[in-house]
Amino acid sequence: MNKIAKEVSSELMSENQARAVVYNFLSSLFAKEVNQDLVSQLTSAQGQSFLSALALEPTLAPSIKVISAELAQLNSKESLLELAADFCGLFLVDGQTSVSPYAGQYITNDLSNSDLSYGEAAKDKRKADKVQVFGELHQSMTEFLTTSNMQIHSDFPEPADHIAVMLAYLGHLCLSASIDDQISFIETYLMTWLSHFTQQVTKHDAGHFYTAVAELTLAWSKLELNS
Amino acid sequence: MKRRNFLKGILATSFTLVSTASVLTPLSALAKVGAKNRDDWLTTGSHFGAFKIKRKNGVIDQVKPFDLDKYPTDMINGIKGLVYNPSRIRYPMVRLDFLLKGHKSDTSQRGDFRFVRVTWDQALTLFKQSLDEVQTNYGPSGLHAGQTGWRATGQLHSSTSHMQRAVGMHGNFVKKIGDYSTGAGQTILPYVLGSTEVYAQGTSWPLILENAKTIVLWANDPYKNLQVGWNAETHESFEYLAQLKEKVKQGKIRVISIDPVASKTQDYLGCEKIYVNPQTDVALMLAIAYELYTNNLHDKDFIDGYSLGFDRFVPYLTGEEDGIAKTVEWAEKITAVPADVIKELAKTMVAGRTQLLMGWCIQRQQHGEQPYWMAAVLATMIGQIGLPGGGISYGHHYSSIGVPSSGAAAPGAFPRNVDEGQKPIFDNNDFKGASSTIPVARWIDAILAPGKVIDANGAKVTYPDIKMMIFSGNNPWNHHQDRNRMKKAFHKLECVVSIDINWTATCRFSDIVLPACTTLERNDIDIYGSYANRGLLAMQKMVEPLFDSLSDYEIFTRFARILGKEKEYTRDMNEFDWLTKLYNDCKKANEGKFAMPEFEQFWQDGYVHFGEGKPWTRHAAFREDPEINPLGTPSGMIEIHSRKIERYQYDDCKGHPTWMEKSERSHGGPGSEKHPIWMQSCHPDKRLHSQMCESKEYRQSYSVQDREPVYLNPEDARHRGIKNGDVVRVFNDRGQLLAGAVVSKNYPKGVIRIQEGAWYGPVGDDGGVTGGAEIGALCSYGDPNTLTQDIGSSKLAQACSAYTCLVDYEKFTGKLPQVTSFSGPLEIGA
């Protein structure tokens with residue numbers, strides 16, 4: 001490999017590392033409630049400069065601003081519990097009157113019908129998958145993970161089509177797969193439902209934090225495809 | 001900004017989430033080889049029958065009926081929807097305000113509140129602390145942990161046993177007596193026939209089919225109700241119903257169904273039908289008795305030889321006692337059954353061998369003791385009790401009663417009580433003058449009026465002051481009556497704990513919610529056929545417990561660990577130790593009679609067959625010699641008149657069966673001018689009570705515009721401008737619900753049916769998903785207990801009276817609210 005190629009490759013690797021950090025950051029926000037430890041990390045000098053760096057991109061700035069403001073207010077056990085209740089009400093209970101974090105409840109492998117909204121009569125198998133968790137998308141994601149020699153951590157007993165798993169998997173792809181494969185995954189498995197997901201979060205969020213996190217994820221993913 | 005620079009900027013911050021573990025991890029060696037090899041068919045059982053399951057990558061893929069099940073219910077199509085339900089309780093959760101303020105939390109918005117996820121340790125510690133607080137401040141009368149229900153099948157993981165044994169190791173608590181299904185029947189019949197009868201094995205179907213000339217199905221719909229059973233149901237009864245259908249067709253057996261509605265069984269058998277006004281069955285029975293008596297058609301020898309108190313009953317029958325002769329004309333006015341039909345019915349009943357088969361719904365009403373008592377009197381007058389194909393049964397629609405039993409011993413279960421010699425931490429039996437056991441359906445009354453004294457079955461019951469309730473595998477926000485009364489009562493509770501698989505309304509009204517796994521996520525054993533004892537079924541674990549759910553065994557083992565009593569609780573045995581023990585105990589009990597392989601072989605095979613049984617006749621021994629084989633009544637005889645009950649001096653349950661007017665009754669009865677429609681809330685056709693209502697795909701095979709169906713009479717519906725498929729608002733002064741109209745000639749004028757078990761989903765006045773905690777809130781899905789009344793059947797049984805319920809209905813023209821029944825907790829106005 002000549003010098004220029006090495007430099008390009010190294011630069012690309014750095015970029016991919018940066019992207020992986022962002023995906024892992026987003027994944028962690030959807031995986032679990034914000035705890036004191038996470039607040040400390042994100043409000044540390046390093047955390048602040050990370051958020052500021054993200055906010056330099058205009059499409060990300062509005063949600064980063066909200067996230068930073070919300071984080072600044074998380075200064076008591078009660079405020080963390082209130083945010084935990086927001087998280088619980090949004091992502092941990094049902095997905096019918098709240099938000100499903102599972103891709104399979106928005107889309108199926110039959111992508112010709114991916115614009116069907118959740119809740120329509122589920123008379124046939126294709127739609128029926130949307131009313132059950134651990135469906136086809138869980139199976140597909142499990143296979144992807146296995147192929148990548150990965151599995152879901154035992155501390156995270158969720159279906160593989162959970163948004164946190166998909167984002168973490170993308171973080172992994174950033175460092176291991178071709179750009180084409182990454183783009184293909186984002187287009188096929190994320191962008192097909194992320195917009196709908198974000199609308200649902202906005203509709204049901206009792207506070208502002210998770211709306212901003214969902215908007216940030218959507219804006220980031222769009223940015224990824226546009227670049 | 002250039003993307004490259006932007007990303008460089010991010011990287012330059014050197015930010016990584018150091019202590020937040022990724023949700024992904026390298027594939028373990030075990031997982032690499034594990035999952036894919038386990039794609040064989042495995043066996044399990046349920047209330048809905050036994051079935052086999054094939055998995056795909058650790059997920060249930062296909063479900064098919066067990067080989068021996070020739071008449072499987074289509075409810076097995078709902079199994080996957082139960083397990084993979086979006087409303088699974090995924091993690092232990094605590095209501096936020098309860099977490100912050102404990103027993104001083106704001107309970108006024110129960111059912112409509114914020115929860116947070118906690119760890120199992122946190123949840124179980126909170127649970128224990130709440131019990132400490134209640135036992136310390138109020139003693140055992142402050143805790144009710146006895147409201148238990150249908151659970152899921154399995155002898156080891158039975159939710160009731162685990163909860164009560166574990167909580168019993170902490171302290172004592174209030175319990176229930178009776179159940180919602182047969183509360184009046186099981187209380188009155190021991191006085192009359194010496195046993196509850198409702199849960200007793202009955203005369204075998206082959207003998208009924210061979211000997212009966214007439215079968216009377218009184219308010220009985222076996223073809224609907226036999227789909228489910230207390231244990232894994234074999235569905236063998238359906239073979240006998242098929243034979244009966246053939247005999248009806250050939251004219252060999254007359255089947256007469258007495259019912260206000262055309263039942264599923266009527267449709268199946270193509271049998272004769274007699275319409276009777278709702279809640280008036282006793283009047284009809286009295287007129288039949290009057291006809292038999294005045295025409296000298298009753299069996300005097302049988303009455304003399306086998307019963308007591310006919311002489312005390314006759315003056316009532318003839319009117320000597322109350323001035324009203326119970327003639328066919330008298331009955332016609334009340335029941336709408338024509339006098340000549342009653343006369344003909346009386347003649348038919350004594351013209352040959354007549355088997356009376358009673359359903360349970362007519363005892364789930366005010367004075368529900370009376371129709372069961374009077375039916376026994378009628379059977380005594382006919383004189384065929386103890387003969388094959390004659391007499392009376394109160395259970396041939398339940399859990400394969402009437403299917404000949406193999407005679408094999410069934411396996412034992414994980415103990416419900418603490419072991420002998422074990423003492424609870426709070427070893428206190430001082431209920432402060434209150435009763436430690438209360439009639440099952442009076443608990444809401446007790447919460448609302450602690451200290452109140454009521455009559456119950458010859459005793460006085462003093463209501464305890466209940467502050468905390470624990471529900472495990474039990475959903476009283478389905479089966480109890482009058483939701484608004486329940487809301488008021490729940491405001492008074494300091495702590496409510498629910499353990500279940502999916503977010504029921506009961507969970508939403510709780511403070512601590514714990515996720516149990518389904519039967520498919522644990523190992524267990526069960527008898528195949530509650531009464532048939534056809535074999536022993538392995539209930540093999542299909543998949544690991546989903547999310548953070550645990551088996552009942554594991555939940556309460558962990559709880560016992562917190563109490564410092566783990567070894568006492570488990571007897572130092574794990575899940576498979578217990579299964580082996582239960583199996584080996586059963587094997588020993590069957591030694592020399594039924595061959596059973598070693599446990600390992602059984603577990604591999606998935607089933608051991610005990611063979612067919614021999615036909616048997618109920619009460620035959622009593623008929624053969626009533627002195628050697630007396631009944632369990634005070635006199636040992638059938639008690640047409642009960643001195644014991646007479647001595648109680650109850651105005652609503654006298655010394656002999658009596659016709660009494662109801663607090664509300666359709667077809668000209670009290671309250672019918674205001675609300676003219678009788679609502680029948682019978683056991684559902686496509687569920688087991690509330691179990692499986694949440695299985696969405698299956699539910700959509702019967703729901704109407706996503707609502708529970710309400711079955712309407714065509715003329716009544718037309719009069720209200722309602723057509724098939726419309727959404728209907730059903731209402732009375734107690735509540736209101738939305739349901740989907742199914743117009744059918746099976747339902748007579750003045751009658752509607754909404755099957756119980758429809759999940760409660762209240763919505764606010766504006767139709768919004770919040771606001772359901774309000775008194776009077778509209779149920780968005782169609783739970784009939786939004787409308788029923790919470791009164792005891794009488795001072796004797798104090799059983800539920802769901803069938804004494806008048807309503808009216810109209811076409812719903814407002815904005816259709818979203819169904820909230822199958823959701824997790826909803827937040828108050830965010």
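FYI, side chains are in, hydrogens and waters are out, and symmetry mates aren't considered; it's all heavy atoms of this structure. Letters A, B, ... are given to chains in the order of the sequence lines, protein chains preceding strands, and every chain is numbered from 1.
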Query - Pair A:Phe134 and B:Phe547, ring centroids less than 6.0 Å apart - result: yes

Report task. Check each atom of A:Ser14 against the heavy atoms of chain B and say whether the ones under 4.5 Å are side chain, backbone, both or neither. Result -> both

Report task. Can you tell which part of A:Leu29 gets under 4.5 Å to a heavy atom of chain B, answering side chain, backbone, both or neither? Result -> neither

Requested in this report: Answer with side chain, backbone, both or neither: which region of A:Leu223 has an atom nearer than 4.5 Å to a non-hydrogen atom of chain B?
Outcome: both

Requested in this report: Please answer whether the main-chain N or O of B:Lys56 pairs with a side-chain N or O of A:Gln139 as donor and acceptor at a distance below 3.5 Å.
Outcome: yes

Requested in this report: For residues B:Met93 and A:Cys88, report the shortest heavy-atom separation together with the two atoms involved.
Outcome: SD-SG, 3.5 Å

Query - Contact class of B:Leu99 relative to chain A, heavy atoms under 4.5 angstrom - result: side chain

Report summary line: Counting heavy-atom pairs under 4.5 Å with chain B, the top scorer among A:Ser49, A:Ser154, A:Gly47, A:Ser100 is A:Ser49

Query raised in the report: At what distance, to the nearest 0.5 angstrom, does CG of A:Leu54 lie from CG of B:Leu7?
Result: 9.5 Å

Query raised in the report: Are the side chains of A:Gln17 and B:Leu11 in touch, meaning some heavy atoms are under 4.5 Å apart?
Result: yes

Query raised in the report: Checking B:Leu100 against chain A: side chain, backbone, both or neither under 4.5 Å from a heavy atom?
Result: side chain

Query - Closest contact, heavy atoms only, B:Arg90 versus A:Phe91 - result: NH1-O, 2.9 Å

Query raised in the report: Taking 4.0 angstrom as the limit, do A:Asp94 and B:Arg88 come out as a salt bridge?
Result: no

Report summary line: Counting heavy-atom pairs under 4.5 angstrom with chain B, the leader among A:His138, A:Glu224, A:Lys77, A:Gln48 is A:Glu224

Requested in this report: For the residue pair A:Gln105 and B:Pro86, establish whether any side-chain heavy-atom pair is separated by less than 4.5 Å.
Outcome: yes

Report summary line: Pair count under 4.5 Å, heavy atoms only, with chain B: among A:His172, A:Glu158, A:His162, highest is A:Glu158

**Report entry** OG-CE distance between B:Ser28 and A:Met150, expressed to the nearest 0.5 angstrom
**Finding:** 12.5 Å

Query raised in the report: Would a 4.5 Å heavy-atom cut-off, applied to side chains only, mark B:Trp503 and A:Val93 as touching?
Result: yes

Report task. Measure the OG-CG distance between A:Ser140 and B:Asn57 for me, rounded to the nearest 0.5 Å. Result -> 10.0 Å

Requested in this report: With rounding to the nearest 0.5 Å, note down the distance linking CZ in B:Arg3 to CZ in A:Arg19.
Outcome: 5.5 Å

Query raised in the report: Hey, what do you get for CG (A:Leu51) to OG1 (B:Thr13), rounding to the nearest 0.5 Å?
Result: 9.0 Å

Query raised in the report: Going by heavy atoms in the side chains, are A:Pro157 and B:Tyr91 under 4.5 Å from each other?
Result: yes

Query raised in the report: Got A:Val133 and B:Asn85 here, is their nearest side-chain heavy-atom distance under 4.5 Å?
Result: no

Query - Test item: A:Glu33 and B:Val116 side chains (from C-beta on) under 4.5 Å apart, heavy atoms - result: no

Query raised in the report: Rounded to the nearest 0.5 Å, what separation is found between the CG atom of A:Leu92 and the CZ atom of B:Phe115?
Result: 12.5 Å

**Report entry** Test item: B:Thr25 and A:Ile152 side chains (from C-beta on) under 4.5 Å apart, heavy atoms
**Finding:** no

**Report entry** Non-hydrogen side-chain atoms of A:His153 and B:Ser22 separated by less than 4.5 Å
**Finding:** no

Report summary line: If one checks every heavy atom of A:Tyr169 against chain B at 4.5 Å, the contacting part turns out to be both

Query raised in the report: Which residue out of A:Glu82, A:Glu78, A:Lys32 racks up the most heavy-atom pairs below 4.5 Å with chain B?
Result: A:Glu82

